[in-house]
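Notes follow once the structure below has been shown.
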Amino acid sequence: MASAVKRKAPSGLQAIYDSIIDQLIKIKPCLDGPDLRRPSMVQDLNKLAALAESFSEQRPKSTKAWPDLADSLDQEGVNLWNMSGLIGKTADDDAGALVAALRLAGFRLVEAGLESKPGIEALLHVLQMASKTGATLSGIKVVLPPLIIRLSLNFATMKPSDIGRNDAAASVLTSAAKYEEALRNAEDQTGTNRKAVACATIVYIASRMEAVGAVHGSFTVYDVVWSPTVLEGSPNKVAYVTIEDGQRLSLITPQLRELLVVKYHQIGRSILKEPTQEGKKTLDALVWLQKAVSLSDQPDAAASMSEVKVGVLRTLARAYFLSEDYDRAEATLEELMPTVDAKNDHASSEYQELRWLRLAILKRRNAADVVILDAFKSIIDHMEFSEADVTDVLQDLRTCGHQHSLVMSVHQYSLEKALRLRGPDLTCLNRLLLSLIFQAAKDGNHLRAMEGLKLAFSSVCEAETELTCVPATACLTLLWQYGERYFSAKRFTEAADWFISGSHKLFKSSCPTSAAKCFRKAALCYIEQKEFARAATIVRRCPADEAATFYVMFLAAVHQGLEDEAIKALHDMRHSAGFDRKMLLLATQITHQLELKGVLLSALEALLATLTSESGSAGDAVVDAMTLIRCIIRLVLKLMSDPTAKQRVLIDIAVKHFRTARALTKSACEQKTFALISKDVSWLWRTAYNCAVQGCSEWNECEEQICEFFDIAKSILESCCEASPVDLDGDAYVHLMNASFSAVSGKAFLTREAMTNGVVEEDQLRAVSAEISTCKKNIVNFLDQKKLPNETDVTRAQYFVHTLRVFEVEFLAQLRRWDDIAAVVAEAADSGVLATGTYEAIADILWISKECPMNVLYLSLEAILRASLDHGTFSVERFARWLRAICTIVLARNASADRLKAVGYIEQAVAVMESTNDTEEVVPPSPEKPHVNTDTLCGKAVPHGRATLVTRNSL
């Protein structure tokens, strides 16, 4: 190369040239080799660029002295530039730094070989090289149309690449500014280069803006038009170009116009992100964005301009929104939305941002609910229904808290859309349901809220989607929570509606027992509202297999005064699953407050049944049972005072509970816990005794019950005697004796009546006979042990014993136990003055019995005569009758001893007739069936202090 130089250049300039040539000699072989050794190559190229720049600075203004040097440098620069193009096509990521170094070195060599007064074509060429070099050094590609969309990214978010050499880029673009000025001042008389000049200038300006933006991440706008002056001294100041009457824009290609639109857009977006005053930066951004829109509307715009315009309009709408110019923001979006909706990528984040922006604008404008709902629908229609998407919608709805109808409509639409997709995670569905329930609770229109819940639940069911247990339980819990809130606020009708919402079939599969619980809760609300019939209707929808259901049925019935239904509910409740005795306690309290004695009686009986069946008769359970029995019996006696009451039924109930009391008393005695219930037992036997006494005078056709009352009183009092560590007072034994005798007597009369009406079982006769014998023995023991307090009671006891002997003989005769009758007669032989009447009754019984053996009858008659003679207690008529009878029996035997006895009896008869003062002749009638006169026993009630009984002899 040096040999080609014809003219000798200045020595300093020649030295730099030589260094350049040496550096090229070093670099060129490496460019052709397989391994470019790029790190060292970049350093070598940078050194070459520095030498070329130094050459440019030291060369004289005229090139006449070194034309050959200029041509050589220009040719070498072009070669390096072309080489950068070839290397840039490789896919190697490390090629960028090498390309930038090649372009910088190539540009500086071409610049060093540039003529002192270059022509328009040379200026165009070097300006384009400077623009591309500056952009490449900044790490940004600016002139390839397919990458324009990428360039729409905000500068504030761009990070300079490893290629970026901002100082070198600024130096190159500063040099380019001189060429642009020279090009602007060049004369083009024919106008053939106007289009090329315009394009080159636009490329330069774009590259300059890119470089500044990449370095500083922002722009400072000094004027609304581009200044033709290069603003020096500030890295943020950008050189602008005036576009007069659109002449320059009309000359550039559509691709470059598109690039310019991108630059305007980038500047506008960057300004919006600058940390300056909000109003000022928004207005500045609007200027740039409006220019971008104006440029994008040119009729000859490239096909890809529509893509760029979408981004510009999106940013412009946001700028209007930030400036609170909501009308223009909405108008901009209305222009944009048809293009967005026509895209296939409906769910892209950029398009969704536009839809959200439109929604925000509508809300700021206080648009109608219908319009806002359409905006929400547009967002929902293009969602993927991920958890994040659903969260965004639900959070945005919180700002519409007062627009309850809108909120519910958005929830319902989201739910239906999710169900139609059939693909979203059930988590989203669950969140929508929970949020919908929450929003419904905030709605002041209760009916609308309930309709919204019903519609949502039905939509899920119709889509054949089943909730799992956890979300279903969560929904139910929320429904019950709001129901409880309304209930606490005494808004019972609303509370019932919330509870009924939980009975929807949506929850049936995952929570099968929830419906019954919801119906019961709703029924309780109606009960509090005093809508008892409605409560009864609701609770009937529950399955009839839970105790809680029957308890609510009981409440509904008892408040309506339906005693039969209430009693049935109590019975069913006690025999159903989930029964708890607390239910009966509450039922008892309620019926007591309502004074429904019949239902209260059933409740107490049920409570007693559970107590005795579950706890037996030990300890405190016995005390509770005895307390309940006392309450029941007292209530029964109170009910019996009502003339309209079913007295026979009540008497049977009282008898039944007295029996239970008797059994518990015996058990307590066996388990040594009698002391716990001693007071209850004392009250029970006295009450049973008094009931029996009252029944003797007031109850019709209740003989069996009266007898049992006496018998119960006797049994309980006997237990008291056995359990007491000391002897009871005499009055207790008097009552025991009276009760025992009355019970046995009643049973004897009833059995006698039964024998009159038909055949009586032999076992029954034996039982009665055994009871008579036992009662007789007990009374005799009282007499022997002197348990009775006074003579009156002793006399009465003796009458009781003689009467019992008569009963005993009567039943023994029915059983044909003649030997036992003989023993009874022998037992009474020495029983005193009262025995006469006893013998007569016994004789009457035996006389009429056709099966009675003669010896037994004879013994009875003989005892009568002996007693009459010993005690002088006879009438001549009766004595004559029985004397004739015994003589007939003795003479019928026709034995000498018998005849001697007959003579003796006759002699006694003569003595009797002589001793009597009666002169009237007494002719005894023929022996006939004797008549036994038995009067009904009567008495008076036992006070709960000292008890007395007055009776008259029945014989």
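Numbers for residues simply follow the sequence, beginning at 1.
Glu704 meets the side-chain contact (heavy atoms from CB on, under 4.5 Å) test with Leu750; sequence neighbours excluded.
Nearest heavy-atom pair, Ile629 versus His657, reported as atom, atom and distance to 0.1 Å: CG2-O, 3.7 Å. Smallest separation of non-hydrogen atoms from Val636 and Leu601: CG2-CD1, 3.7 Å. Residue Val599 comes nearest to Ala566 through the heavy atom pair CG1-CB, 4.0 Å, listed as atom of the first residue, atom of the second, then distance. Minimum interatomic distance between Ala587 and Tyr551 (heavy atoms only, all atoms of both residues): N-CE1, 4.3 Å. Residues Glu546 and Phe550 approach most closely at O-CD1, 3.2 Å, considering heavy atoms. Among all heavy-atom pairs drawn from Leu765 and Thr751, the shortest one is CD2-CG2, 3.7 Å.
Looking only at distances, no side-chain donor or acceptor of Ser742 sits under 3.5 Å from a matching main-chain atom of Ala739. Although no hydrogens or angles enter the test, the distance criterion places a donor-acceptor pair under 3.5 Å between the side chain of Arg648 and the main chain of Glu701. Panel note: side chain Thr549, backbone Asp545; no donor-acceptor pair is recorded below 3.5 Å. Using a distance-only test at 3.5 Å, with no hydrogens or angles considered, a donor-acceptor pair links the side chain of Ser740 to the main chain of Leu736. With hydrogens and angles ignored, the 3.5 Å screen pairs a side-chain donor or acceptor of Ser719 with a backbone N or O of Ser715. Between the His575 side chain and the His571 main chain, a donor and an acceptor come within less than 3.5 Å of each other. No donor-acceptor distance shorter than 3.5 angstrom exists from the side chain of Ser773 to the backbone of Ala770, with no hydrogens or angles considered. Looking at Ser682, its side chain never comes within 3.5 Å of a backbone N or O of Ser678 through a donor-acceptor pair.
Two residues are said to be in side-chain contact when any heavy atoms from C-beta on lie closer than 4.5 Å; Val734 and Phe782 fail this criterion. Side-chain contact between Leu637 and Thr687: present, with at least one pair of heavy atoms (C-beta onward) separated by less than 4.5 Å. Counting heavy atoms from C-beta outward, Ile677 and Thr673 have side chains that stay 4.5 Å or more apart. Between Glu565 and Gln560 there is no side-chain heavy-atom pair separated by less than 4.5 Å. Between Arg520 and Cys542 there is a side-chain heavy-atom pair separated by less than 4.5 Å. A heavy-atom distance below 4.5 Å is found between the side chains of Arg752 and Glu810. Between Phe811 and Glu771, the closest side-chain pair of non-hydrogen atoms is not below 4.5 Å. Residues Phe554 and His559 form no side-chain contact, since every pair of their non-hydrogen atoms from C-beta on lies 4.5 Å or further apart.
We find the CG-CD distance between Leu788 and Gln798 to be 9.5 Å, quoted to the nearest 0.5 Å. For the atom pair Leu586 CG and Leu555 CG, the distance stands at 8.5 Å (nearest 0.5 Å). Interatomic distance, CH2 of Trp685 versus CD1 of Ile716, reported as 10.0 Å (0.5 Å rounding). We find the CG-OH distance between Asn778 and Tyr733 to be 11.5 Å, quoted to the nearest 0.5 Å. Taking CE of Met573 as the start and CG of Asp580 as the end, the distance is 9.5 Å to the nearest 0.5 Å. How far CZ of Arg796 is from CZ of Phe800: 6.0 Å, rounded to the nearest 0.5 Å.
Taking a cutoff of 4.0 Å between a charged side-chain nitrogen and a carboxylate oxygen, Asp642 and Lys597 do not qualify as a salt bridge. For the pair Lys666 and Glu670, the salt-bridge criterion is not met [side-chain N within less than 4.0 Å of a carboxylate O]. A salt bridge does not link Lys656 to Asp652: none of the charged nitrogens lies less than 4.0 Å from a carboxylate oxygen.
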Item to check | Test log, rule side chain to side chain contact (heavy atoms under 4.5 Å, CB included), inputs Leu684 and Ile633 | outcome: CA-CA 9 Å; Leu684 286 166; Ile633 293 173; 3.7 Å; yes
Checklist entry - How far apart are the C-alpha atoms of Phe749 and Phe807, what are their side-chain angles, what is the distance that settles it, and do they pass the ring-ring contact (aromatic ring centres under 6.0 Å, His included) test? => result CA-CA 9 Å; Phe749 295 151; Phe807 290 150; 5.6 Å; yes
Checklist entry - Between Asp711 and Lys747, is a side chain to side chain contact (heavy atoms under 4.5 Å, CB included) present by the stated rule, with each step listed? => result CA-CA 10 Å; Asp711 190 59; Lys747 292 179 181 179; 3.8 Å; yes
Next on the checklist: For a side chain to side chain contact (heavy atoms under 4.5 Å, CB included) check, start with the C-alpha distance between Val780 and Asp784, then their side-chain angles and the critical distance, and finish with the verdict.
Outcome noted: CA-CA 6 Å; Val780 170; Asp784 294 341; 3.4 Å; yes
Next on the checklist: I'd like to know whether Trp699 forms a ring-ring contact (aromatic ring centres under 6.0 Å, His included) with Phe709, so could you lay out the CA-CA distance, the side-chain angles of the two residues, the decisive distance to 0.1 Å, and finally the verdict.
Outcome noted: CA-CA 13 Å; Trp699 298 348; Phe709 274 120; 5.6 Å; yes
Checklist entry - After noting the C-alpha distance and the side-chain angles of Leu815 and Ser769, does the key distance pass the side chain to side chain contact (heavy atoms under 4.5 Å, CB included) rule? => result CA-CA 9 Å; Leu815 293 169; Ser769 177; 4.2 Å; yes
Next on the checklist: Determine whether Asp572 and Lys568 satisfy the following criterion, salt bridge (charged side-chain N to carboxylate O under 4.0 Å, His left out), listing intermediate values before the conclusion.
Outcome noted: CA-CA 6 Å; Asp572 294 336; Lys568 182 180 183 301; 2.8 Å; yes
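By the neighbour-count criterion of 12 heavy atoms within 6.0 Å, atom CG of Asp819 is sparsely surrounded, having that number or fewer from other residues, nucleotides or ligands. By the neighbour-count criterion of 12 heavy atoms within 6.0 Å, atom CD of Glu698 is densely surrounded, having more than that number from other residues, nucleotides or ligands. By the neighbour-count criterion of 12 heavy atoms within 6.0 Å, atom CD of Gln785 is densely surrounded, having more than that number from other residues, nucleotides or ligands.
There is no side-chain donor-acceptor pair under 3.5 Å between Thr610 and Arg574. For the residue pair Asn790 / Asp793, a side-chain donor-acceptor distance below 3.5 Å is found, with atom types taken as modelled.
Residue pairs that meet the ring-ring contact (aromatic ring centres under 6.0 Å, His included) test with at least one member in residues 750-769, sequence neighbours left out, do not exist here.
Ring geometry for Phe710 versus Tyr689: interplanar angle over 60°, hence perpendicular rather than tilted (30 to 60°).
When the options Thr627, Thr660, Leu604 are evaluated for a side-chain contact (heavy atoms from CB on, under 4.5 Å) with Ile632, the one that passes is Leu604.
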